[in-house]
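First comes the structure, then the notes that go with it.
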Amino acid sequence: MAVVISVANQKGGVGKTTLTMNLGHALASMGKKVLLVDIDPQFNLTFGLIGMQVLNYGDSNVGTLMTRESDVDDTIVQVKKNLDLIPSHLNLSAREIEIINAYNRERRLEKALTPVLPDYDYVLIDNPPSMGIFLVNSLTASDYVLIPLELSYFGVIGMQLMFNLMRMIREETNENLKLLGLVPNKFTRQTKVPKMRLKELRETYPDAPILTTIPKAIALEKAQSQGLSIFEFDGDGRAAKAFSKLAREVVEIVEG
């Protein structure tokens, strides 16, 4: 049965899509069967994985899945061995009102994914930078939350909003939701500020596991712009090694 992990942060620009994509590739390379779910109306993960083919999935995407207009088996796209995708689409934002007004609206994604969970080891959900119905659905369907963040003042302070939302989700729709960890992203040693913020992060949230730090790397931006994982673009670089380490860390925490 799959372990479902939401990659989430209400703040934009922290690297959620990059983390979801490359962690998915890393887990798949370890022999894990992985399903990526793009629930972000900006569909960056989908575009990064299948490019302009995103236009072909107007009738079978995460939005039609949540409105029960498509079946989950017909919505899954194979990306490569061990790695599948449930795509987003440019019409997803138009379906938000329909989902908000639907019966049992917080559990639409959970219900849709349940039939295929036995087919995978991991399901990773890429979320929008907002606290709307899509993020609520994602957290309700998840076992764990993985939070990427930039080591800036507002990045560290903003963690409290995510923790508040997680507490609300535990109280209302998913009492078993757990924090997998925080992933400091775009880390640079060129100034003292990131190290200072990392220290503040540990002091402010002493109970939050801080996982592998992902370095700031131009290779990550170039890889994503070309629709490639960091392993395909620069497999021996620092960023690829960091994502491989993060994948091993995730497996160790989840599987023991």
Side-chain angles (χ1 to χ4, degrees), residues 2-9 13-40 43-50 62 76-88 113 117 120-129 135 138-139 141-150 162 178-187 208-217 219-224 226-255:
V3 174
V4 183
I5 301 172
S6 279
V7 180
N9 191 329
V14 297
K16 291 185 290 293
T17 298
T18 301
L19 176 57
T20 306
M21 178 177 177
N22 289 294
L23 179 57
H25 275 274
L27 290 168
S29 296
M30 294 171 65
K32 304 296 183 182
K33 191 77 164 62
V34 181
L35 174 65
L36 303 181
V37 180
D38 188 355
I39 200 171
D40 186 348
F43 62 88
N44 290 328
L45 177 64
T46 300
F47 191 78
L49 289 169
I50 63 174
V62 72
I76 292 172
V77 180
Q78 184 176 24
V79 176
K80 70 169 197 175
K81 183 180 179 181
N82 290 334
L83 188 66
D84 294 342
L85 168 71
I86 291 180
S88 181
L113 293 178
L117 292 183
Y120 294 93
D121 298 305
Y122 289 90
V123 175
L124 305 181
I125 308 174
D126 186 29
N127 287 276
L135 180 55
S138 178
L139 297 181
S142 294
D143 302 298
Y144 292 96
V145 183
L146 192 60
I147 306 177
L149 75 155
E150 284 193 74
M162 274 303 303
K178 297 181 284 293
L179 174 65
L180 183 58
L182 311 180
V183 181
N185 201 12
K186 305 180 184 179
F187 186 80
I210 298 178
L211 307 185
T212 299
T213 297
I214 306 298
K216 183 177 179 65
L220 281 168
E221 298 173 15
K222 289 184 176 179
Q224 193 162 336
Q226 295 180 29
L228 300 173
S229 72
I230 190 60
F231 304 101
E232 296 162 314
F233 184 84
D234 184 21
D236 295 324
R238 291 183 304 128
K241 290 176 181 176
F243 274 109
S244 292
K245 182 180 178 184
L246 177 63
R248 293 193 298 271
E249 202 168 18
V250 167
V251 169
E252 184 177 348
I253 293 171
V254 170
E255 300 182 22

Got V34 and N82 here, is their nearest side-chain heavy-atom distance under 4.5 Å?
no

What I want to check is whether the side chains of T46 and D38 have a donor and an acceptor closer together than 3.5 Å.
yes

Heavy atoms, side chains only, cut-off 4.5 Å: are E221 and Q226 in contact?
no

Hey, does the Lys NZ or Arg CZ of K178 hover above the aromatic six-ring of Y144, less than 6.0 Å from the centre and inside 45° of the axis?
yes

Would a 4.5 Å heavy-atom cut-off, applied to side chains only, mark L180 and P209 as touching?
no

Kindly give the heavy-atom pair with the smallest separation between R238 and P215, and that separation in Å.
NH1-CB, 3.3 Å

L124 side chain reached by L23 side chain, heavy atoms, under 4.5 Å
yes

Just wondering, more than 12 heavy atoms not from K245 lying within 6.0 Å of its NZ?
no

The side-chain contact (heavy atoms from CB on, under 4.5 Å) partner of F243 among T212, V183, L27, L19 is L19

Close side-chain approach of I5 to S142, heavy-atom, < 4.5 Å:
no

If we ignore angles and hydrogens, is there a donor and acceptor under 3.5 Å between the side chains of N127 and S138?
yes

Would you please test L182 and L146 for side-chain contact (heavy atoms from CB on, under 4.5 Å) and show each step?
CA-CA 6 Å; L182 311 180; L146 192 60; over 6 Å; no

What one should report as the nearest heavy-atom pair of D143 and A2 is OD2-O, 3.9 Å

For P129 versus D40, what's the shortest heavy-atom pair and its separation?
CD-OD2, 4.0 Å

Identify the heavy atoms of L149 and N9 that sit nearest to each other, and give their distance.
CB-ND2, 4.0 Å

Give the intermediate values and the outcome of side chain to side chain donor-acceptor pair (under 3.5 Å) for residues T17 and N44.
CA-CA 7 Å; T17 298; N44 290 328; 4.8 Å; no

Rounded distance [0.5 Å steps], CD1 in I50 versus CZ in F43:
10.0 Å

Can you measure from CD (E249) to OG (S244) and round to the nearest 0.5 angstrom?
12.5 Å

Let's go through D84 and K33 carefully: what are the C-alpha distance in whole Å and the side-chain angles of both, what is the deciding distance for salt bridge (Lys or Arg N to Asp or Glu O under 4.0 Å) to 0.1 Å, and is it a yes or a no?
CA-CA 8 Å; D84 294 342; K33 191 77 164 62; 3.2 Å; yes

Pair K32-E255, side-chain contact (heavy atoms from CB on, under 4.5 Å): steps then yes or no:
CA-CA 12 Å; K32 304 296 183 182; E255 300 182 22; 3.1 Å; yes

Within the structure provided, determine whether L85 and V37 are in side-chain contact (heavy-atom separation under 4.5 Å).
no

Do you know the tightest heavy-atom contact between S229 and A223?
O-CB, 3.9 Å

Donor-acceptor pair, side chain of N22 and main chain of T18, under 3.5 angstrom
yes

CG/L35 to CG/L113 distance, rounded to the nearest 0.5 angstrom?
7.0 Å

Are any of the side-chain heavy atoms of P128 and I39 separated by less than 4.5 Å?
yes

Looking only at non-hydrogen atoms, find the nearest pair between G31 and D121 and report the distance.
O-OD2, 4.3 Å

Pairwise side-chain contact, L211 with L246, heavy-atom cut-off 4.5 Å (strictly under)
yes

Evaluate whether atom CD of E252 has more than 12 neighbouring non-hydrogen atoms of other residues, nucleotides or ligands under 6.0 angstrom away.
no

Determine whether more than 12 heavy atoms belonging to other residues, nucleotides or ligands lie under 6.0 Å from atom NZ of K80.
yes

Before you tell me yes or no, could you show the steps for V14 and N185 under side-chain contact (heavy atoms from CB on, under 4.5 Å), namely the whole-Å CA-CA distance, both residues' side-chain angles and the distance that decides it to 0.1 Å?
CA-CA 7 Å; V14 297; N185 201 12; 5.8 Å; no

side-chain contact (heavy atoms from CB on, under 4.5 Å) partner of L36, chosen from V123, D126, L83:
L83

Give, for atom CG of L45 and atom NZ of K16, the distance between the pair rounded to the nearest 0.5 Å.
12.0 Å

